[in-house]
J.: 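Have a look at this one before I ask anything.
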Amino acid sequence: MLRWPPPVWQHLDWLRGSPRGLQLVEWLEDPLKYVAVLGRDGYRGAVLALLQAAHWRDLAAAGLASDSGQPHYAYRVGSQFSVLVTDSPDAAHRAILWSEPDWPGTCLWVDGAEVALGAETPSPYCAKAGRWADARFFAVAVQGPMDHPAQAFPIGADLGAVMGLLVVDAAQGRHHVLQPSANQAWSDPWLEVRDGSWRIYPDRDAMERGDAPDRVIPVSGP
C-alpha cells in the first residue's frame, strides 16, 4: 500500500522532476526513523539543508501550509518539530525558524547559517514567527531583559512578557539585538525600514496607528 500523504499526489507532476522534494517529504513525514540513526542534531542539520534548497513546490508537497496574506511564507507544526520558512521579497534570502518539543522558542537560520545568540539576550531562542521588514532585514522577537520592571512569565509566554528584537542583516551576514529600556515595554516589537532608518515599535498596532516609534536607528552598510 502506498502511504504518501495527500500533498504528494497533489504535486505529483512537480515531484517527478524533483527527487529532492520527495526526499524532504519523507524526512518530514517520519522524523523518528532518522533521529534513531542520526540523533536529533544530525536529523535537524540534514532537514535544514533540504529546506534551504527546497523550491516552494517542494515545500507545498511536504505539507508546509502557506499563508495567503504573506507570499513565500510557509509553515508546518508537528509532534517532533515545528518549522517556518520565509523568503525575502526579492527571493534572494531565506529564513528558517525551527523548534522542537522541549524548546521554549525557535532557533533561526538565514541563508543556511544559524544565527547564534549570546549575552545580548537572556535566552538563545527566538519567538515562533518572524518577518522580512524588507529585502535585506529579517526581524523576530527574542527574550527581553530579565531585570526589566515589567518582565513577567505568564503561562504561554515562555520568553517573557517583555521582548527584545533580533534583526538579521542578510546582505552583510550580521545580526543585531535591540532591547527595550526600562520605560519601554515591548510586547511584540515590530521593525519598519523607512527613509534609511530602522523604526522600532512596541507592537504592530502601534506602527499601524501611526504612533511615534520608540527608537529610530540609521541603517548602515549597502
Side-chain angles (χ1 to χ4, degrees), residues 48 70 73 75 82-86 88-89 93-221:
L48 286 165
Q70 297 189 60
Y73 182 105
Y75 59 91
S82 297
V83 62
L84 183 153
V85 180
T86 177
S88 58
H93 304 286
R94 172 165 290 183
I96 301 172
L97 286 163
W98 177 274
S99 184
E100 298 181 12
D102 57 347
W103 292 5
T106 67
C107 288
L108 171 65
W109 283 257
V110 175
D111 295 339
E114 184 175 5
V115 179
L117 299 177
E120 64 261 72
T121 175
S123 169
Y125 295 100
C126 305
K128 293 186 177 180
R131 60 181 282 273
W132 289 95
D134 65 2
R136 176 179 168 187
F137 297 109
F138 182 79
V140 61
V142 294
Q143 185 170 321
M146 292 294 292
D147 60 355
H148 192 285
Q151 187 63 280
F153 292 86
I155 295 175
D158 291 335
L159 295 179
V162 176
M163 306 290 282
L165 186 66
L166 166 64
V167 180
V168 179
D169 183 342
Q172 294 190 347
R174 299 188 304 183
H175 74 268
H176 310 265
V177 173
L178 309 174
Q179 293 287 17
S181 61
N183 63 346
Q184 296 171 334
W186 296 351
S187 59
D188 180 25
W190 205 260
L191 172 67
E192 179 186 35
V193 181
R194 178 154 53 98
D195 299 331
S197 295
W198 292 347
R199 295 167 181 260
I200 315 299
Y201 298 86
D203 54 43
R204 182 177 182 175
D205 289 343
M207 184 187 73
E208 293 182 343
R209 285 194 305 265
D211 294 355
D214 277 2
R215 201 169 299 172
V216 177
I217 304 172
V219 175
S220 61

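Positions are given from 1 along the sequence. Keep in mind that what you see is a predicted model, and the values were worked out from it rather than measured.
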J.: If I compare all heavy atoms of Ala161 with all of Ala150, which pair ends up nearest, and what's the gap?
T.: CB-O, 4.5 Å
J.: With sequence neighbours left out, what residues match Asp147 under salt bridge (charged side-chain N to carboxylate O under 4.0 Å, His left out)?
T.: none
J.: Can you give me the closest heavy-atom contact between Pro189 and Ser187, atom names plus distance?
T.: CD-C, 3.9 Å
J.: Between Leu97 and Val83, is the side chain to side chain contact (heavy atoms under 4.5 Å, CB included) condition met? List the steps.
T.: CA-CA 6 Å; Leu97 286 163; Val83 62; over 6 Å; no
J.: Using only atom types and a distance under 3.5 Å, with no angle test, would you say the side chain of Gln151 pairs donor to acceptor with the backbone of Pro145?
T.: yes
J.: Determine the minimum heavy-atom distance between Pro180 and Val162, stating which atoms define it.
T.: CG-CG1, 3.7 Å
J.: How long is the gap from NE2 on His176 to CG on Leu178, to the nearest 0.5 Å?
T.: 8.5 Å
J.: Drop me the distance from Gln143's CD to Thr121's OG1, to the nearest 0.5 angstrom.
T.: 5.5 Å
J.: Scan side-chain atoms only and decide if His148 and Gln179 contain a donor-acceptor pair under the 3.5 Å cut-off.
T.: no
J.: If you round to the nearest 0.5 Å, how far is OH of Tyr75 from CG of Leu84?
T.: 9.0 Å
J.: Can you give me the closest heavy-atom contact between Ala135 and His93, atom names plus distance?
T.: O-CD2, 3.5 Å
J.: Verify, without hydrogens or angle tests, whether Ser197 (side chain) and Val216 (backbone) share a donor-acceptor contact under 3.5 angstrom.
T.: no
J.: Can we say Arg136 and Asp134 salt-bridge, meaning some charged N sits less than 4.0 Å from an Asp/Glu carboxylate O?
T.: no
J.: Would you compute the distance between atom OH of Tyr73 and atom OG1 of Thr86 and round it to the nearest 0.5 angstrom?
T.: 7.0 Å
J.: Find out whether Cys107 and Tyr125 are in side-chain contact, i.e. whether some heavy atom of one side chain is under 4.5 Å from a heavy atom of the other.
T.: yes
J.: Taking the side chain as every heavy atom from C-beta outward, state whether Val177 and Leu165 have any pair of such atoms under 4.5 Å apart.
T.: no
J.: Taking all atoms of both residues into account, what is the closest heavy-atom pair of Trp190 and Arg131, and its distance?
T.: CZ2-CD, 3.1 Å
J.: How many angstroms lie between CH2 in Trp103 and SG in Cys126, if you round to the nearest 0.5 Å?
T.: 10.5 Å
J.: Taking only residues two or more places apart in sequence, or in another chain, which ones meet Asp188 in a salt bridge (charged side-chain N to carboxylate O under 4.0 Å, His left out)?
T.: none
J.: Quickly, which of Leu108, Leu117, Val110, Asp169 forms a side-chain contact (heavy atoms from CB on, under 4.5 Å) with His175? Name it, please.
T.: Leu117
J.: Is the distance from the ring center of Phe137 to that of Trp132 below 6.0 Å?
T.: no
J.: Side chains of Asn183 and Ser181: donor-acceptor distance under 3.5 Å anywhere?
T.: yes
J.: What closest approach, in Å, do Pro213 and Arg199 show between heavy atoms, and which atom pair accounts for it?
T.: CB-CB, 4.0 Å
J.: For the rings on Tyr201 and Trp186, is their centre-to-centre separation under 6.0 Å?
T.: no
J.: Could you check whether Asp111 pairs with Arg94 (Lys NZ or Arg NE/NH1/NH2 to Asp/Glu carboxylate O, under 4.0 Å)?
T.: no
J.: To the closest 0.5 Å, what do you measure between NZ (Lys128) and CG (Leu159)?
T.: 9.0 Å
